[in-house]
Number of protein chains: 8
Amino acid sequence: GIATIDNHREIRVGYPEVIYCEGKTKEQISKIVSVMLKKNNNILGTRASREAYEEVKKICNHVEYNELAKTIVIRNKEIKKSESYIAVVTAGTSDLSVAEEAAITAELFGNRVERVVDVGVAGIHRLFGKLDIIKNAKVIIVVAGMEGALPSVIGGLVDKPIIAVPTSVGYGANFGGLAPLLTMLNSCASGITVVNIDNGFGAGYSASIINKL
Amino acid sequence: GIATIDNHREIRVGYPEVIYCEGKTKEQISKIVSVMLKKNNNILGTRASREAYEEVKKICNHVEYNELAKTIVIRNKEIKKSESYIAVVTAGTSDLSVAEEAAITAELFGNRVERVVDVGVAGIHRLFGKLDIIKNAKVIIVVAGMEGALPSVIGGLVDKPIIAVPTSVGYGANFGGLAPLLTMLNSCASGITVVNIDNGFGAGYSASIINKL
Amino acid sequence: GIATIDNHREIRVGYPEVIYCEGKTKEQISKIVSVMLKKNNNILGTRASREAYEEVKKICNHVEYNELAKTIVIRNKEIKKSESYIAVVTAGTSDLSVAEEAAITAELFGNRVERVVDVGVAGIHRLFGKLDIIKNAKVIIVVAGMEGALPSVIGGLVDKPIIAVPTSVGYGANFGGLAPLLTMLNSCASGITVVNIDNGFGAGYSASIINKL
Amino acid sequence: GIATIDNHREIRVGYPEVIYCEGKTKEQISKIVSVMLKKNNNILGTRASREAYEEVKKICNHVEYNELAKTIVIRNKEIKKSESYIAVVTAGTSDLSVAEEAAITAELFGNRVERVVDVGVAGIHRLFGKLDIIKNAKVIIVVAGMEGALPSVIGGLVDKPIIAVPTSVGYGANFGGLAPLLTMLNSCASGITVVNIDNGFGAGYSASIINKL
Amino acid sequence: GIATIDNHREIRVGYPEVIYCEGKTKEQISKIVSVMLKKNNNILGTRASREAYEEVKKICNHVEYNELAKTIVIRNKEIKKSESYIAVVTAGTSDLSVAEEAAITAELFGNRVERVVDVGVAGIHRLFGKLDIIKNAKVIIVVAGMEGALPSVIGGLVDKPIIAVPTSVGYGANFGGLAPLLTMLNSCASGITVVNIDNGFGAGYSASIINKL
Amino acid sequence: GIATIDNHREIRVGYPEVIYCEGKTKEQISKIVSVMLKKNNNILGTRASREAYEEVKKICNHVEYNELAKTIVIRNKEIKKSESYIAVVTAGTSDLSVAEEAAITAELFGNRVERVVDVGVAGIHRLFGKLDIIKNAKVIIVVAGMEGALPSVIGGLVDKPIIAVPTSVGYGANFGGLAPLLTMLNSCASGITVVNIDNGFGAGYSASIINKL
Amino acid sequence: GIATIDNHREIRVGYPEVIYCEGKTKEQISKIVSVMLKKNNNILGTRASREAYEEVKKICNHVEYNELAKTIVIRNKEIKKSESYIAVVTAGTSDLSVAEEAAITAELFGNRVERVVDVGVAGIHRLFGKLDIIKNAKVIIVVAGMEGALPSVIGGLVDKPIIAVPTSVGYGANFGGLAPLLTMLNSCASGITVVNIDNGFGAGYSASIINKL
Amino acid sequence: GIATIDNHREIRVGYPEVIYCEGKTKEQISKIVSVMLKKNNNILGTRASREAYEEVKKICNHVEYNELAKTIVIRNKEIKKSESYIAVVTAGTSDLSVAEEAAITAELFGNRVERVVDVGVAGIHRLFGKLDIIKNAKVIIVVAGMEGALPSVIGGLVDKPIIAVPTSVGYGANFGGLAPLLTMLNSCASGITVVNIDNGFGAGYSASIINKL
Ligand SMILES: Nc1ncnc2c1ncn2[C@@H]1O[C@H](COP(=O)(O)O)[C@@H](O)[C@H]1O
Ligand SMILES: Nc1ncnc2c1ncn2[C@@H]1O[C@H](COP(=O)(O)O)[C@@H](O)[C@H]1O
Ligand SMILES: Nc1ncnc2c1ncn2[C@@H]1O[C@H](COP(=O)(O)O)[C@@H](O)[C@H]1O
Ligand SMILES: Nc1ncnc2c1ncn2[C@@H]1O[C@H](COP(=O)(O)O)[C@@H](O)[C@H]1O
Ligand SMILES: [Mg+2]
Ligand SMILES: [Mg+2]
Ligand SMILES: [Mg+2]
Ligand SMILES: [Mg+2]
Ligand SMILES: [Mg+2]
Ligand SMILES: [Mg+2]
Ligand SMILES: [Mg+2]
Ligand SMILES: [Mg+2]
């Protein structure tokens with residue numbers, strides 16, 4: 001076998017296993033999906049190519065593909081939306097793809113999501129214009145590349161948990177997202193925790209657990 | 001002046017400003033405390049030396065010092081404990097000082113805290129023996145140095161948000177905590193977010209916000 | 001000449017030279033194989049492209065190619081299998097290609113190999129289900145990417161030598177396998193030694209020496 | 001000889017040579033000062049210990065020492081203050097010593113300096129309260145440690161050149177000032193240029209040249 | 001929406017928002033341009049591909065593309081040239097593309113620019129031959145890859161502010177421009193500030209602010 | 001409590017828990033020893049200061065301290081020596097302290113040890129003079145700092161498993177042992193596995209497991 | 001102009017300027033060659049693509065291209081060979097392309113070159129078989145990737161200056177040649193100096209200067 | 001024994017073994033010296049503390065100590081000075097101690113040495129004033145910290161081999177000498193080879209071999 005599916009996971013941690021598609025062949029992905037389909041759960045694949053999606057479509061007609069987020073989604077069970085919501089905030093237009101991975105993950109796991117787009121610190125009034133949506137969320141995901149300063153500023157303005165997601169958007173001494181990662185880890189604002197560079201999925205997942213508390 | 005105290009912070013984010021004592025002289029610390037005392041809030045200083053504590057004691061008799069956590073605490077207002085609790089879990093004995101900073105922060109902010117000590121992955125049955133305390137927490141702080149694998153293992157066993165704190169415990173290719181930091185950021189278990197190396201305070205603060213949701 | 005073949009190596013260290021194909025042209029590889037064929041040994045080429053394989057096939061019809069492991073194998077002498085076996089354990093599906101390089105190396109050098117697939121720490125019960133196969137091996141190779149925590153957990157459960165192989169599976173702050181490499185070097189479980197990132201060959205080779213002791 | 005004093009520098013670049021005291025013995029420093037005194041210029045020594053200062057005092061009675069900035073200053077010529085001023089802004093109290101090195105350098109070179117203290121992004125209203133002083137400067141020096149986000153925010157609010165100075169204030173994944181250095185280099189606000197970590201002197205010098213344009 | 005255009009920026013900082021095209025689709029870029037066109041400003045897009053340019057050309061016929069600098073420029077308002085000028089100096093031929101990004105930015109913002117090409121330190125007499133043009137500038141941009149020593153040498157010869165731009169030209173232990181970046185940050189010549197690797201835009205922008213003082 | 005002693009470990013992995021003394025107070029160490037003494041096992045503490053040793057001596061008179069290796073050893077049970085032996089080879093005199101930690105660990109765990117001292121590659125004939133002792137070992141530990149080339153050379157000469165230990169001996173671009181660590185991980189000789197920088201204990205432990213196979 | 005050719009260099013340092021082709025367009029390269037042709041010197045271009053070569057061929061029929069070394073050579077003046085020779089030694093087959101760049105540079109500058117191929121430390125008897133050729137050289141260039149241990153071993157055996165060239169051959173923790181670079185810089189053998197990763201040209205050039213002394 | 005003295009080295013490589021004193025106890029050093037004294041050679045110890053010197057003085061009265069260079073020297077045989085000389089050039093006063101280690105090494109090995117002090121690029125006319133001494137040397141050692149640009153400039157002006165020595169003089173993004181090390185490795189001037197950070201000894205040794213050719 002190529003995989004040992006963790007069928008027991010939903011019972012243990014509340015959600016079924018998610019397929020990390022990068023570095024797997026489309027055949028491997030399709031095979032894993034076929035095993036998971038037997039449990040009739042909703043299925044999520046992240047970092048999936050269009051080719052992988054097309055392979056899966058052969059065995060499951062209602063699979064959906066999000067080009068921006070690179071996600072494969074199969075909805076087999078109805079999803080009830082939470083009352084409280086998660087705000088997904090991006091610093092720039094280029095961070096949208098990571099933010100969308102977070103939003104789709106959160107939505108599939110039954111959370112209401114509000115998107116706030118392109119409010120980076122270089123034009124801070126843009127942030128103030130959207131502050132209410134952000135403040136009224138139960139959890140806030142902040143996605144930022146370049147220098148990644150946005151979570152620090154928001155952290156000083158709200159009393160909600162912030163999950164900061166550094167992105168690999170940038171060049172030169174950005175070092176593939178290292179710059180915003182360090183920024184977020186060293187934030188002098190409190191209430192900020194951090195996930196891996198470009199890990200929209202992880203942020204959406206953690207936000208979901210917190211939103212459901 | 002040497003500081004612009006953020007008196008407004010409690011209103012904005014729910015907690016008064018906390019004093020980061022490292023790199024400040026004992027006179028600077030004492031001066032900042034004296035200004036904050038006027039507001040009659042509870043006061044927390046982190047990474048404080050015994051000398052700083054003694055300087056502060058001159059102007060505030062009921063200040064407390066925790067040698068292990070290197071914290072200065074002044075209690076001016078009664079603290080009501082939360083019903084739900086935060087679990088603070090450590091991988092090894094050497095991680096205790098960071099864990100204690102987290103626990104003291106959380107307690108000062110009104111949270112009940114349960115400590116689980118020295119249950120690192122090298123003897124995983126020790127973890128299983130304490131799993132109930134961990135599972136029943138509302139939020140879990142996991143403190144680990146060396147390779148920092150403990151959050152990954154706990155992450156696969158519980159459905160609560162985990163805040164992982166890498167410590168600088170280790171040597172050689174540990175690079176002052178870089179090894180466990182990377183481990184935690186790359187965890188293939190979900191539901192884990194990360195704070196800076198040795199940042200017990202940040203973990204306690206974030207856990208507190210979540211526990212109060 | 002383009003190479004100085006180490007014909008004497010088998011006498012010195014017990015195994016003939018192995019061809020590291022990366023960074024060599026297919027003509028260079030074929031030329032080296034042609035020289036080695038004269039000694040009638042079994043021949044192994046690692047990190048070989050399909051093109052290199054096809055070039056070699058022109059001069060040696062019974063050459064085999066493993067797409068997953070990227071190995072070229074020529075069997076000229078019968079291989080006797082060892083009684084004791086080497087366990088090759090992977091944390092995830094994406095680590096299979098490195099694991100297969102290790103397994104093929106070990107098998108070509110006359111070792112029995114047992115494969116245990118996709119038992120990473122995020123679902124630790126999967127590991128417990130396979131623990132017997134692992135415990136009864138004479139040597140254990142553990143292949144893991146992402147945060148690479150699996151060797152630490154196994155190290156706390158068995159009394160056999162573990163060779164840990166970090167893989168470059170992951171993204172962001174994984175830094176091409178640096179994260180699991182550091183994890184494994186800093187393991188607080190004992191009995192673990194480490195080889196280079198993605199070096200399945202090296203793990204298979206060392207395991208073989210130990211298994212033959 | 002131990003040094004080749006650049007007596008010609010004032011003519012070429014407008015200011016006499018400055019003594020970088022770190023890594024020089026107090027005898028070497030005193031010897032260099034004694035040579036420079038012959039030119040009757042104002043003399044600046046940076047990163048000087050109290051011991052070095054006391055050694056210099058033996059040969060020049062009117063030398064001044066600034067404990068916070070670690071500077072030695074000898075005023076031999078009257079200094080005319082510029083009309084326009086340089087704003088020196090700090091994110092936190094712990095950045096004061098680097099900021100003071102910048103301010104003293106600028107003042108000795110004939111610039112009016114306005115200090116704005118402790119207005120970091122975690123409490124951004126503090127910044128807005130001082131924005132007028134900052135906006136009316138001809139050049140702005142922004143000194144910040146931890147994640148170093150302050151220059152980005154100011155950069156989005158003013159139309160003056162900003163010289164950003166990362167400090168080594170912080171711990172863990174701050175890596176001795178690497179975190180704020182990368183933040184400042186990657187800033188998505190424009191008009192920001194950067195000097196070395198803790199290089200208050202360099203910032204004061206560059207600001208001075210610009211202020212005199 | 002995909003973007004929150006900062007229409008207010010020109011009032012705040014003196015220049016309209018600039019489009020950073022890398023990591024945006026050509027459709028996103030065109031959409032942002034279409035919104036900005038309504039304000040009748042001059043528009044600048046950096047790091048743009050020819051494809052992006054052609055997409056924009058569909059909605060704005062007079063857009064210009066510079067192959068070397070990878071810039072998109074739309075001139076809607078007349079640009080008055082400054083009397084004083086900015087010198088843009090390059091160490092080698094391979095640094096020309098970054099230098100051109102700086103020059104185009106500066107020119108679009110109304111500055112006179114003088115270019116000095118290929119005067120790196122390996123043949124220092126070439127620099128002396130052009131020193132007059134450099135000395136008479138109001139601000140100097142120095143663009144250099146490899147070891148990036150040119151700003152240090154110029155810094156010792158002039159009394160004007162120098163903005164140093166490290167480029168990613170080089171190989172091996174150049175680490176994508178890290179070598180010249182560190183060189184420039186550590187320069188023992190004074191009056192040098194630094195921008196990100198390959199950030200011609202940032203250098204042109206800062207130089208423009210200073211030239212207009 | 002400050003620790004959860006893993007009393008079960010000897011049954012699981014064959015050896016009792018070892019105390020890593022760095023970062024523990026002498027009181028903590030003494031307390032852990034006192035608990036372990038109840039099981040009447042042999043006890044090993046690594047990276048122990050003389051102060052820790054003296055504290056332990058108060059509760060256990062027959063404790064031994066090795067100044068060079070920084071080990072605390074308590075022998076409660078007789079140790080039978082293995083027939084086959086482990087060779088502990090050092091490249092230079094400065095590597096002796098790490099080598100001694102390895103040797104003491106191996107001896108306490110019942111292995112015969114042969115020491116080969118100061119045979120680094122700069123004078124390779126020294127190695128050839130001792131090659132017989134090395135070749136006849138069952139496992140070989142090679143300890144080297146500076147560039148750490150010795151394991152590669154030995155790896156090409158023997159058919160036994162080699163455990164390479166990089167040390168932090170060196171300066172400059174050695175980066176605290178990073179240089180020899182990378183050398184050993186990248187060795188083109190086969191049969192070499194690596195432990196953490198300065199991890200003599202880990203090498204002794206792994207060698208012991210292999211020697212007992 | 002795109003370049004300021006250093007026509008004066010031959011007089012100053014003994015050799016004409018060499019064209020570093022990477023990062024230049026074929027048109028730029030051809031233009032630079034056309035200017036240099038006027039001086040009737042021998043011309044060398046390094047890191048040149050076949051396309052660049054073909055462009056140059058249009059203006060100079062007798063240009064030669066070396067596929068392995070990626071060099072363009074134009075011989076306009078007779079080259080007298082030195083009596084003493086430079087040895088160019090490679091550790092493995094994959095290092096040949098860097099070694100050839102060194103050899104071609106040295107030969108064009110009038111040096112006799114002896115090549116010794118594939119004598120890396122994993123089979124050290126191969127080195128001893130060629131030691132005479134190496135010992136009798138006036139200067140020795142040693143080219144090695146992977147862990148780069150060969151210069152250390154040769155350094156302990158000869159009394160001639162060694163120029164060590166690390167190559168980017170390797171994977172994983174090789175980090176693009178960083179591993180052998182550090183090895184060579186930290187060598188405990190004396191008489192070794194180092195050039196940049198893959199810098200065959202630089203080694204050939206320096207060796208040439210020394211051989212001509 | 002604690003060491004295997006390489007008595008044969010003088011025959012092989014022309015010079016007796018040199019004692020690297022860092023990380024050795026004074027007793028170890030004295031013991032090694034006592035063995036070497038039997039051969040009646042000149043003896044050199046580098047990176048020696050005053051304590052080590054005093055220990056050695058007990059067994060050898062005519063030992064000399066250089067405080068600046070941290071060298072121990074014992075002259076037992078007359079040293080004939082070479083006709084041609086080595087130039088040892090420093091960029092700043094703080095680099096003197098590394099330069100002196102180089103000079104003493106070279107002198108002990110029989111070379112005439114000319115010292116040129118404090119001629120760094122920030123005041124380049126200082127270099128031109130000393131260029132004749134530099135040009136007439138047979139080999140040139142250039143010692144520089146901070147950004148380490150001096151070798152590049154000299155490399156463009158002379159036709160002699162240059163050995164560049166980066167020093168750890170600097171702070172912040174100097175990273176203990178990494179900045180000048182990278183500068184020197186990436187130099188676009190030719191004829192430069194590099195030794196480890198602060199490795200004055202290695203530079204003096206290599207220069208000596210070349211000077212004797
Ligand atoms: N984008 C992602 N980033 C990090 N972890 C992920 C991502 N997508 C899925 N995962 C985790 O990776 C696990 C599957 O790994 P594997 O066994 O290699 O398929 C899932 O259970 C998830 O917890
Ligand atoms: N995948 C691999 N990783 C590391 N080393 C290898 C690998 N494959 C072969 N080797 C080693 O590389 C040596 C050959 O290197 P070369 O002379 O460049 O062909 C062989 O003798 C093996 O010991
Ligand atoms: N704190 C500082 N940081 C960076 N450069 C400095 C500093 N103080 C002085 N310098 C520069 O260092 C030069 C002196 O270096 P040195 O010859 O080593 O004394 C001066 O001319 C200044 O340009
Ligand atoms: N080449 C560049 N490098 C760095 N920053 C840039 C560059 N081009 C534009 N910018 C900045 O990036 C901002 C736009 O980012 P975004 O919202 O992602 O389009 C602009 O306002 C500029 O300040
Ligand atoms: Mg935007
Ligand atoms: Mg423990
Ligand atoms: Mg899996
Ligand atoms: Mg403050
Ligand atoms: Mg040029
Ligand atoms: Mg020795
Ligand atoms: Mg080979
Ligand atoms: Mg000086």
Side-chain angles (χ1 to χ4, degrees), chain B residues 90-95 118-129 131 142-159 162 164 166-194 196-197, chain C residues 90-95 118-129 131 142-159 162 164 166-194 196-197:
Chain B
T90 56
T93 299
S94 313
D95 304 314
D118 195 26
V119 295
V121 299
I124 214 166
H125 65 285
R126 299 180 301 183
L127 173 66
F128 292 130
L131 207 49
V142 185
V143 185
M146 307 295 276
E147 86 272 51
L150 187 55
S152 289
V153 174
I154 297 182
L157 295 169
V158 305
D159 58 354
I162 294 173
T167 72
S168 53
V169 170
Y171 62 89
N174 188 283
F175 299 122
L178 180 67
L181 172 63
L182 295 186
T183 302
M184 292 167 182
L185 287 170
N186 285 283
S187 180
C188 55
S190 308
I192 297 171
T193 60
V194 186
N196 195 7
I197 298 161
Chain C
T90 57
T93 299
S94 313
D95 304 315
D118 195 26
V119 294
V121 299
I124 213 166
H125 66 287
R126 299 180 301 183
L127 173 66
F128 291 130
L131 207 49
V142 185
V143 185
M146 307 296 275
E147 86 273 52
L150 188 55
S152 288
V153 174
I154 298 182
L157 296 169
V158 304
D159 59 353
I162 294 172
T167 72
S168 53
V169 171
Y171 60 89
N174 187 284
F175 298 122
L178 181 67
L181 172 63
L182 294 186
T183 303
M184 293 167 182
L185 287 169
N186 285 284
S187 180
C188 54
S190 308
I192 297 171
T193 60
V194 186
N196 195 6
I197 299 161

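Throughout, a chain's letter reflects where its sequence line sits, starting with A, and its residues are numbered from 1.
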Apply the side-chain contact (heavy atoms from CB on, under 4.5 Å) test between Ile124(C) and each candidate in Val153(B), Leu127(B), Ile154(B); give the one that qualifies. Val153(B)
Spacing of Leu178(B) atom CG and Leu178(C) atom CG [to the nearest 0.5 Å]: 7.0 Å
Mind ranking Ala149(C), Gly145(C), Ser152(C) by heavy-atom pairs under 4.5 Å with chain B and telling me who comes out on top? Ser152(C)
Minimum heavy-atom separation for Ala189(B) and Glu147(C), please, with both atom names. N-OE2, 4.4 Å
Counting heavy-atom pairs under 4.5 Å to chain C, which of Asn174(B), Leu157(B), Val121(B), Leu185(B) comes out on top? Asn174(B)
Tell me, side chain or backbone of Phe175(B) under 4.5 Å from chain C's heavy atoms, or both, or neither? side chain
If I compare all heavy atoms of Asn186(C) with all of Ala173(B), which pair ends up nearest, and what's the gap? ND2-O, 3.0 Å
